[in-house]
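Have a look at the structure below, then the notes.
So you know, we letter chains A, B, ... as the sequences are listed, proteins then strands, and number each from 1.
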Amino acid sequence: MTNATTFGLDPLANRIITAIAPELGVSTADLQLERPREEKHGEFSLPCFRFSKATGKNPAQLAGDLADGFHLEGITAAAAGPFLNFKVDPALLASTVLEHARSIDFARTTSDETTVVEFSSPNIAKPMHVGHLRSTVIGAALARIYEHLGHNVVRINHLGDWGSQFGKLVAGWQRWGDASKLEADPIGHLLEIYVRYHKEEKDDESLPADAKKAFQELESGVDNETRQTWKQFTELSLREFQRTYARLGTEFDFLRGESWYEDKLQDTLDFLEAANILELDDGAWLVNLKSEGIKTPCLVKTAHGTTLYATRDLAAARSRWSEFQFDRCLYVVGSEQILHFNQLKATLKRAGESEWSDRIEHITFGLIRLTEGKLSTRSGLVLTLAEVLDRAAELAREIIAEKNPDLANAEQVAEQVAVGAIVFHDLKHQRQKDVVFDWKEVLSFEGDTGPYLQYTHARCCSILRKSEKAAPTWGEFDPALLPESRDLMVAIGRFPQAIREAAAKNEPMLIAQALLKIGQAGNSFYRNCSVLKAETPELGNARLAVMDSLRHVLAIGLGLLGVPTPKEM
RNA sequence: GCGCCCGUAGCUCAACUGGAUAGAGCACCGGACUUCUAAUCCGACGGUUGCAGGUUCGAGUCCUGCCGGGCGCGCCA
């Protein structure tokens with residue numbers, strides 16, 4: 001449920017729809033305006049094909065008749081063949097958009113829905129690599145977007161801190177562990193052990209046997225030596241993760257690893273048992289999902305008595321439902337786990353929980369590949385997030401030294417630019433597509449990039465800072481003086497819709513694309529129209545309002561994506 | 001073998017989910033800094049949307065079949 005406040009181009013679109021809908025015999029809710037492919041056609045368009053049959057006119061004739069009968073102050077309608085196009089008077093356009101563009105509530109709505117977002121979820125004892133970047137950045141952006149739309153958002157970091165891998169790690173630690181190495185570089189040393197384990201397990205049967213035993217000890221719930229070791233690994237890893245989260249500005253409401261659901265595992269198995277869907281197969285317990293169209297059954301307990309990923313995720317889902325009564329629960333996890341989440345939902349459905357299992361949504365994304373090959377923790381081929389951030393920051397420092405050597409806080413700004421470049425680069429692509437990690441592109445600060453938008457924002461700040469007067473508030477300037485701002489007004493005006501669509505499709509890219517349009521139009525505008533040296537004080541005043549609006553909308557949009565907005569750079 | 005995803009300019013990506021002459025950035029070429037930050041702006045170049053059919057007023061978008069790439073397919077997560 002959303003409130004009725006409209007922003008940007010919405011009021012104009014609503015006026016047109018209200019005028020046209022009765023002519024077509026449809027309700028205003030059923031009428032949606034499109035944007036013309038070419039800007040010269042105006043701000044809105046309505047293809048008339050689909051109304052041809054009901055009105056008994058051919059589309060071109062219908063468009064023509066509608067245009068003839070259309071009379072709204074400040075908006076003209078013109079038929080272009082079967083298309084009905086609407087052009088808004090520049091003064092009205094600027095006035096409509098600028099009235100609310102600087103509101104702290106710009107493009108904000110209210111809602112009573114609860115949205116749970118699980119994201120990031122790195123594995124303990126392994127480095128956070130570029131593969132985790134996508135989940136972290138997409139999830140954090142979606143959480144902010146839903147929050148902006150008024151949802152009650154719950155952010156959960158589902159850390160991979162449980163499972164047979166810890167048995168392997170403990171078995172390896174007992175053989176090759178080095179306390180001083182662990183202290184100096186915890187994740188580095190644990191990765192070393194993990195890689196060595198996988199190299200040696202084929203030739204050493206005692207290794208997997210010990211690993212299995214260690215995980216059984218861990219799952220026994222007894223506070224034994226294995227558990228102490230696991231606890232130590234977890235704490236050390238978390239400390240390193242927090243450093244990266246701090247750099248990215250990522251926050252969570254709950255840091256709940258898989259282990260957090262440990263005391264709910266038996267209950268989950270009992271629950272499946274009570275639903276009468278558990279089957280014993282070769283010593284292992286599973287749920288058959290053929291009735292749901294899934295050939296691969298969902299394994300919930302191994303023949304040697306330990307739980308599995310699916311067991312813990314089932315427990316987590318049930319726990320979240322009872323705790324949050326969510327309207328939607330998003331899992332921002334790579335597309336390689338599609339089967340897993342289909343199994344999760346199908347199992348819950350078979351257990352009779354379809355009322356809420358349908359609210360679970362797997363937000364997939366393509367994987368990141370290196371030009372050198374596929375990322376693989378086991379083989380040790382990893383590119384850590386920290387390394388990427390460091391390199392970007394180093395490059396940003398060099399560019400600042402060259403372009404703006406007197407900049408105060410150069411170090412801090414370099415970090416902000418680095419984060420902006422990396423985060424934006426990730427979010428400007430459709431989630432679904434695989435991305436090849438290319439240093440040249442990630443470290444690009446020109447064109448369609450985060451730094452480009454940060455720069456635009458900083459320019460606005462600079463102009464506002466150098467102005468002798470504060471930016472005029474609504475009513476203190478004349479929007480009619482801003483015909484050159486047309487493209488920028490349209491770009492800003494479409495931003496609220498971009499946010500709504502980004503949420504509807506769980507696709508932050510739509511915001512990134514909208515911001516690029518705004519940035520391009522903004523750069524063009526202040527290039528052509530001097531603010532501080534405008535021909536008249538009234539003109540400068542009006543343009544100052546545009547600068548302030550541009551700055552504000554960029555700050556909102558970049559903020560939603562997690563791109564920092566330095567005031568100077 | 002079966003299932004899901006992706007093929008758009010030399011490269012990286014858009015295209016309002018079926019609408020008009022398929023658009024941006026990078027690269028390359030040309031132009032604009034004694035000028036509110038040139039991390040910028042303006043212009044030029046660049047296309048048989050993987051291939052072949054089908055659906056209809058209209059297809060990059062939907063359906064079928066191929067080709068190419070990726071991911072997944074019982075006791076890992």
Compute whether any side-chain donor of one residue and acceptor of the other, for [X] and [Y], lie under 3.5 angstrom apart.
X	Y	result
Y261(A)	D313(A)	no
S120(A)	T136(A)	yes
D161(A)	T234(A)	no
T307(A)	E219(A)	yes

*Under 6.0 Å between the ring centres of W162(A) and W230(A)?*
yes
Using a 4.0 Å heavy-atom cut-off, does [X] contact any base of the nucleic acid, only the sugar-phosphate backbone, or nothing at all?
X	value
G160(A)	nothing
C529(A)	base
A458(A)	base
D161(A)	nothing
L299(A)	base
S530(A)	base

*Are any side-chain N or O atoms of N528(A) and backbone N or O atoms of S524(A), one a donor and one an acceptor, separated by less than 3.5 Å?*
yes
*Exam field: side chain K202(A) to backbone H198(A), donor-acceptor pair closer than 3.5 Å*: yes
_As a check on the pairing definition, encode RNA chain B in dot-bracket form, counting Watson-Crick and G-U wobble pairs whose two distances are under 3.5 Å, and using | for partners outside this strand._
(((((((..((((.....[...))))..((((.......))))......(((((..]....))))))))))))....
*Have a look at U17(B) and give me syn or anti from its glycosidic angle (syn if within 90° of zero).*
syn
*Going by a 90° cut-off around 0, is G54(B) syn or anti?*
anti
Rounding to the closest angstrom, what is the interatomic distance between [N] and [M] at atom [atom1]?
N	M	atom1	value
U21(B)	C4(B)	P	34 Å
G10(B)	C45(B)	P	15 Å
U61(B)	A14(B)	C1'	13 Å
C26(B)	C71(B)	C1'	29 Å
C75(B)	C16(B)	C1'	47 Å
A32(B)	A38(B)	C1'	9 Å
C13(B)	G18(B)	C1'	22 Å
C73(B)	A15(B)	C1'	35 Å

*Name all residues meeting the ring-ring contact (aromatic ring centres under 6.0 Å, His included) criterion together with F86(A); count only those two or more places apart in sequence or in a different chain, and write none if there are none.*
F70(A)
*With the side chain counted from C-beta on, respond yes when L272(A) and T347(A) share a heavy-atom pair under 4.5 Å apart, and no when they do not.*
yes
*Once each nucleotide of nucleotides 12-17 of chain B is scored for protein heavy atoms under 4.0 Å, what B/S/- sequence comes out, 5' to 3'?*
SSSSBB
*B/S/- contact track for nucleotides 38-46 of chain B, protein heavy atom under 4.0 Å*: BBBSS----
Quickly work out the [X] [atom1] to [N] [atom2] distance and round it to whole Å.
X	N	atom1	atom2	result
W285(A)	G74(B)	CH2	C1'	15 Å
D448(A)	G23(B)	CG	C1'	11 Å
D282(A)	G74(B)	CG	P	14 Å
Q337(A)	C73(B)	CD	C1'	14 Å
L367(A)	C4(B)	CG	P	18 Å
R494(A)	G23(B)	CZ	P	15 Å
L278(A)	C75(B)	CG	P	18 Å
K53(A)	U56(B)	NZ	P	11 Å

Please tabulate, one pair per line, all N/O donor-acceptor pairs under 3.5 Å involving side-chain atoms of residues 508-521 of chain A, not counting sequence neighbours.
unit_1	atom_1	unit_2	atom_2	d
Q513(A)	NE2	K428(A)	O	3.2
Q520(A)	NE2	D448(A)	OD1	3.3

*Quick one: is C5(B) close enough that its OP1 or OP2 comes under 4.0 Å of any side-chain N or O from T364(A)?*
no
Under-3.5 Å N/O pairs linking protein and nucleotides 1-3 of chain B:
unit_1	atom_1	unit_2	atom_2	d
C2(B)	O2'	K295(A)	NZ	3.1

*Sort and list the pairs that fulfil side chain to side chain donor-acceptor pair (under 3.5 Å) and have at least one residue in residues 281-297 of chain A, not counting sequence neighbours.*
none
*Tell me, which of residues 303-313 of chain A have any heavy atom that sits under 4.0 Å from an atom in RNA chain B?*
A303(A), L308(A), Y309(A), R312(A)
*Report the residues that fulfil salt bridge (Lys or Arg N to Asp or Glu O under 4.0 Å) with E394(A), sequence neighbours left out, ordered by chain and then residue number.*
none
_Under the rule for salt bridge (Lys or Arg N to Asp or Glu O under 4.0 Å), what residues qualify as partners of K199(A), not counting sequence neighbours?_
none
*Could you tell me which residues satisfy side-chain contact (heavy atoms from CB on, under 4.5 Å) with I399(A), sequence neighbours excluded, listed by chain and number?*
L395(A), K403(A), F445(A)
*Cationic N near anionic O, under 4.0 Å, R551(A) to D548(A)*: yes
*Is the ring of F83(A) stacked on the base of A20(B), with centres less than 5.5 Å apart and planes under 30° off?*
yes
*Face-to-face stacking of H41(A) with A20(B), centres under 5.5 angstrom, angle under 30°*: yes
*With the side chain of E568(A) defined as its heavy atoms from C-beta on, choose the nearest nucleotide among U37(B), C75(B), A20(B).*
U37(B)
*Taking the inter-plane angle between the rings of H132(A) and H129(A) on a 0 to 90° scale, is it parallel (under 30°), tilted (30 to 60°) or perpendicular (over 60°)?*
tilted
*asked:* Under the salt bridge (charged side-chain N to carboxylate O under 4.0 Å, His left out) definition, can you give me all pairs with a residue in residues 30-49 of chain A, not counting sequence neighbours?
replied: E38(A)-K40(A), E39(A)-R486(A), E43(A)-R486(A)
*For T306(A) and Q216(A), work out which heavy atoms get closest and say how close.*
CG2-CG, 3.8 Å
*State, to 0.1 Å, how close I400(A) and A410(A) come at their nearest heavy-atom pair, and which atoms those are.*
CD1-O, 3.8 Å
*Residue met sooner reading RNA chain B from 5', once P47(A) and I338(A) are mapped to nucleotides*: I338(A)
